[in-house]
2 protein chains.
Amino acid sequence: MRWDALEEEPCSMARTIGVIGDRWTLLILRECFLRTRRFEGFQSALGITRHLLAERLKKLVRQGVLRRIPYQESPKRHEYILTQKGLDLYPIMMAIVHWGDTHMVDERGRPLLHQHRKCGKNFDPVMVCSECGEPLSAKEVHTHPGPGARSTPAIKAPEKPKAKARRSAA
Amino acid sequence: MRWDALEEEPCSMARTIGVIGDRWTLLILRECFLRTRRFEGFQSALGITRHLLAERLKKLVRQGVLRRIPYQESPKRHEYILTQKGLDLYPIMMAIVHWGDTHMVDERGRPLLHQHRKCGKNFDPVMVCSECGEPLSAKEVHTHPGPGARSTPAIKAPEKPKAKARRSAA
DNA sequence: AATTTACAGTTCGTTTTTAGAACTGTAAAG
DNA sequence: CTTTACAGTTCTAAAAACGAACTGTAAATT
C-alpha cells in the first residue's frame with residue numbers, strides 16, 4: 001500500500017489515518033490541544049527532530065488541520081493553530097486518552113484529569129449513538145456499504161474456511 | 001524520544017500511542033473490528049508485508065489487545081481475536097471513522113454506514129460528558145494534573161513570550 | 001505417487017524514513 | 001560586539017519498512 005494514496009481509499013478510517021496516523025503527528029496534535037502554538041514549543045515539549053517537526057507541521061497545514069498565521073514581522077514568525085477541522089479531532093484525542101486512562105495507568109493513577117466547564121465535574125468521555133443517545137459498543141453496531149463504497153471496499157468475506165472441513169482440532 | 005519508552009510516559013495519550021500509534025496497527029485493528037481473524041485475511045485485505053504483519057500481531061498480543069487462539073492442530077494454526085481491552089478501542093476507531101466521514105469524503109459520500117442494533121437507525125458517534133451527558137468540545141474542557149502526574153508532565157508554559165515585547169507586527 | 005494449494009510464518013537484500021547534530025539567518029538583549 | 005531567541009534547512013548515520021523468495025505441514029487434486 002502506498003501511504004500517499006491512503007487518502008483516496010474508499011474507507012474513512014484509511015483516509016483519516018493518512019492525515020493523523022503516525023506517532024509524531026498525534027503527539028503534535030496533543031500539544032496543539034494543550035495550547036502549544038510555536039515551533040520551539042513543539043520541539044522542546046516533544047523532543048522531535050526539527051527536521052521532522054517542520055515537515056509534519058507543513059503537512060498538517062496542507063491538510064487544513066492547522067493554520068499558519070504570522071505573529072511578527074522581520075524576522076517573520078508564525079504560529080500554528082487548530083482550524084475547525086483540527087478542533088474536530090478532539091473526540092479522537094479524548095478517546096485515545098480515555099483508553100490509556102482505562103488500560104495503561106500505573107498504580108499512581110491518571111496523569112491528567114478533565115473537567116467539563118458546563119457541569120464543573122471531572123468526567124470521562126462516553127461515545128453514544130446520535131439517534132438514541134445510548135452508549136455504543138462494537139457488538140451493537142452493524143456496518144453496511146454507503147454511497148461512497150466501492151465494489152468490495154475493505155470488507156472481505158468473513159473468513160469462513162470454505163466448508164472444506166479440513167481435519168480440525170485433531 | 002525513544003518509542004519503546006512511550007508506554008512509561010506520564011501521559012495516557014503517549015502510552016496509547018505506544019500501543020496503537022502507527023499506520024499498520026490501526027489498519028490491522030480496523031480489520032479486527034470487521035471480523036478478520038487470520039493471518040492470510042489480514043495480509044490480503046491490507047497488502048501489508050508478511051514480515052510486518054507477523055511483528056505487529058505479536059506486539060498486539062503481547063500488549064493484551066489481541067488473543068491468539070488455536071483453531072486447528074498440525075499444522076498449528078491460530079486466530080487473532082480482540083480481547084476486552086481490544087474491544088475497548090472501539091470508540092477510538094469510531095471517532096477516527098467519523099472524522100473521516102465529516103472531513104475526508106468525496107462527492108460520492110460515505111463508504112460505510114453504521115447501524116445501531118438497539119434503535120435500528122444509521123447513526124453518527126457523539127462524544128458526551130459522562131457526568132452531565134452533554135456533547136463535548138475542546139473549548140469546554142479544562143485539564144489539570146491528576147494523581148499520576150509528574151512534576152510538569154507535558155503541559156508547558158502556554159508560550160507567553162515572556163512579556164519581552166519584541167517589536168511585534170512591525 | 002507426485003504435484004498443487006492453503007496457510008502461517010521467516011529470511012534477506014534494497015529502499016525509505018527517522019534520528020542527531022550542525023548550520024543559516026534576522027534581530028533583540030546584554 | 002557577543003550572546004540569545006526563534007524558525008527553520010542541510011547533511012550523514014541508523015532504524016524501519018518494502019518486496020520477493022523461502023520453510024514447513026498437511027489436505028486436495030491430477
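Chain letters run A, B, ... following the sequence lines, proteins first and then strands; every chain starts at 1.
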Any side-chain N or O of [X] under 4.0 Å from OP1/OP2 of [N]?
X       : N      : answer
B:Ser74 : D:dT25 : no
A:Trp3  : D:dA17 : no
B:Lys58 : C:dT10 : yes

Which whole-number value in Å describes the distance from [X] [atom1] to [N] [atom2]?
X       : N      : atom1 : atom2 : result
B:Asp4  : D:dA16 : CG    : C1'   : 14 Å
B:Glu55 : D:dA17 : CD    : P     : 7 Å
A:Ile48 : D:dG8  : CD1   : C1'   : 13 Å
A:His78 : C:dG25 : NE2   : P     : 19 Å
A:Ile28 : D:dG8  : CD1   : P     : 12 Å
B:Arg37 : C:dA8  : CZ    : P     : 13 Å
A:Gln43 : D:dC6  : CD    : C1'   : 11 Å
A:Phe42 : D:dG8  : CZ    : C1'   : 14 Å

Along DNA chain D (nearest heavy atom to each residue), the more 5'-positioned of B:Trp24 and A:Leu57: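 With B:Trp24 and A:Leu57 compared, the 5'-side residue is A:Leu57.
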Nearest to the [X] side chain among [options], which nucleotide is it?
X       : options                : result
A:Leu52 : C:dA19, D:dC6, C:dC7   : C:dA19
B:Arg77 : C:dA27, D:dC11, D:dT25 : D:dT25
A:Tyr80 : D:dC6, D:dG8, C:dG20   : D:dG8
B:Thr49 : D:dG8, D:dG19, C:dG20  : D:dG19
A:His51 : D:dC6, D:dT10, C:dT10  : D:dT10

Hydrophobic cluster membership, B:Leu34 vs B:Ile81, 4.5 Å side-chain cutoff: no
Atom CZ of B:Arg67 with >12 non-hydrogen neighbours under 6.0 angstrom: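 Counting neighbours around CZ of B:Arg67, 12 or fewer heavy atoms of other residues, nucleotides or ligands fall under 6.0 Å, so no.
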Polar pair under 3.5 Å, donor/acceptor by atom type, side chain A:Arg50, base D:dA7: yes
No-hydrogen, no-angle side-chain donor-acceptor test under 3.5 Å, A:Tyr80 and A:Arg37: no
Stacked cation flag A:Arg56 on A:Phe42, 6.0 angstrom / 45 deg: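 No, A:Arg56 does not lie over the aromatic ring of A:Phe42.
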Sugar-phosphate, base or nothing in reach of B:Arg23, heavy atoms under 4.0 Å: nothing
Approximate separation, where rounding is to 0.5 Å, of B:His78 NE2 and B:Leu57 CG: 12.5 Å
